[in-house]
Protein chains: 2
Amino acid sequence: MVERSPSTLDLTYAALADPTRREILRQLRLTEARVTDIARPLPMSLNAVSKHISVLERAGLVRREIRGRDHFLTAQPAALAEAERWITDYTAFWEHRVDALAAHLESRQQHPAPEEQA
Amino acid sequence: MVERSPSTLDLTYAALADPTRREILRQLRLTEARVTDIARPLPMSLNAVSKHISVLERAGLVRREIRGRDHFLTAQPAALAEAERWITDYTAFWEHRVDALAAHLESRQQHPAPEEQA
DNA sequence: CTTATGTTCAACCAAGTGGTTGAACATCTT
DNA sequence: AAGATGTTCAACCACTTGGTTGAACATAAG
């Protein structure tokens, strides 16, 4: 019942967990686009797309610039940095362990410890 | 109503979107652990933790090995590869664009010489 | 055999998600 | 002013999620 507000990392990963939202981001790699432009190729209502965009916006992955009645969206790839770093740090930890294991095995192969057996 | 089954990427990002599950993964960096071991430091019931572990398992991020009554969990960092690649590919696209823009501006500023390549 | 330990299953609940439709609001065009 | 276009807001719905409790199941230990 503590209901803390979700962290940036939570929001980012949750936003990326939906294929429609990833598709929207992919669409925004090329250029900015209006809500309607983004919705056109997607197999759902404009309102549904509008909701997806809010999720992306809340996660900081997309920024909105209102010009007249049009809302132009641009992707904010920098917002992915934290999410990427979590994974790379995590896997880096493993690569270190694998390296250590490899080094250990190699050293044992070259100078076999007498009290251990393969 | 088409209700396709969620992709691996969906499952992975959804699994990472919860701080409890990230904490579980962090705990499993060091060594394998039993469900009870994982649950002990967490501020929720064992059953809740059991559910979180299922989510991680369904995403392939954790593997379970049953020995007697104990279920030993090990992290599977390789399962993060696809999720990481999506982000790196995405941001790489941007870095390319930024590089291209920088090169363009620089070449225009410096000289009519078309020698780009740092 | 009986009891304690480790884990899941099942039912429940409140809140969130991903979609819908219909209305409202804002702005551009005629 | 009137109409068309772009977008959000609000209500609704089915489903999922993250938590709970209580029971059941599986195995280890006395």
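- Both B:Met44 and B:Arg58 sit near DNA chain D, but only B:Arg58 has its closest nucleotide nearer the 5' end.
- Within 4.0 Å of A:Arg21, counting heavy atoms only, lie sugar-phosphate atoms of the nucleic acid but no base atom.
- The CZ-C1' distance, from B:Arg40 to C:dT7, rounds to 14 Å in whole Å.
- No donor-acceptor pair closer than 3.5 Å links the side chain of B:Arg29 to the backbone N or O of B:Ala75.
- In this structure, CG of B:Asp37 is placed 12 Å from C1' of C:dT5, rounded to the nearest angstrom.
- Contact check on B:Arg67 versus B:Asp70 returns no salt bridge, with no Lys/Arg side-chain nitrogen under 4.0 Å from an Asp/Glu carboxylate oxygen.
- One atom, CD1 of B:Ile53, and another, P of C:dG6, lie 14 Å apart when rounded to the nearest Å.
- Residue B:Thr36 has its side chain nearest to C:dT7 when only C:dG18, C:dT7, D:dG6 are considered.
- Between B:Ser50 and the phosphate of C:dT7, there is no side-chain N or O to OP1/OP2 separation shorter than 4.0 Å.
- With respect to B:Glu82 and B:Arg85, no salt bridge is recorded, no charged nitrogen being found less than 4.0 Å from a carboxylate O.
- Between the side chain of A:Tyr13 and the main chain of B:Ala15, no donor-acceptor pair closer than 3.5 Å is present.
- Which of C:dG6, C:dA11, C:dG18 sits closest to the side chain of B:Arg34 comes down to C:dG6.
- Spacing between atom NZ of B:Lys51 and atom P of C:dC13 amounts to 13 Å, rounded to whole angstrom units.
- Comparing A:Asp18 and A:Asp70, the nucleotide of DNA chain C nearest to each residue sits closer to the 5' end for A:Asp18.
- The side chain of A:Ser45 places no N or O atom within less than 4.0 Å of a non-bridging phosphate oxygen (OP1 or OP2) of C:dG19.
- For the pair A:Arg69 and D:dT7, the criterion of a side-chain N or O lying under 4.0 Å from OP1 or OP2 is not met.
- One interatomic measurement links the two molecules: CD of A:Glu65 to C1' of D:dT7, which rounds to 16 Å at whole-angstrom precision.
- Atom OH in A:Tyr13 sits roughly 18 Å away from atom P in C:dT17 (whole-Å rounding).
- Look at CG on B:Leu16: it is 17 Å from C1' on D:dG18, rounded to the nearest Å.
- Under 3.5 Å, the side chain of B:Asn47 and the base of D:dG22 form at least one donor-acceptor pair of N or O atoms.
- Regarding B:Glu23, its CD atom lies at a distance of 17 Å from the C1' atom of D:dG18, rounded to whole Å.
- At distances below 3.5 Å, at least one donor-acceptor pair connects side-chain atoms of B:Tyr90 with backbone N or O atoms of A:Leu25.
- Nearest-nucleotide assignment on DNA chain C puts the 5′-proximal partner with A:Leu46, out of A:Leu46 and A:Arg67.
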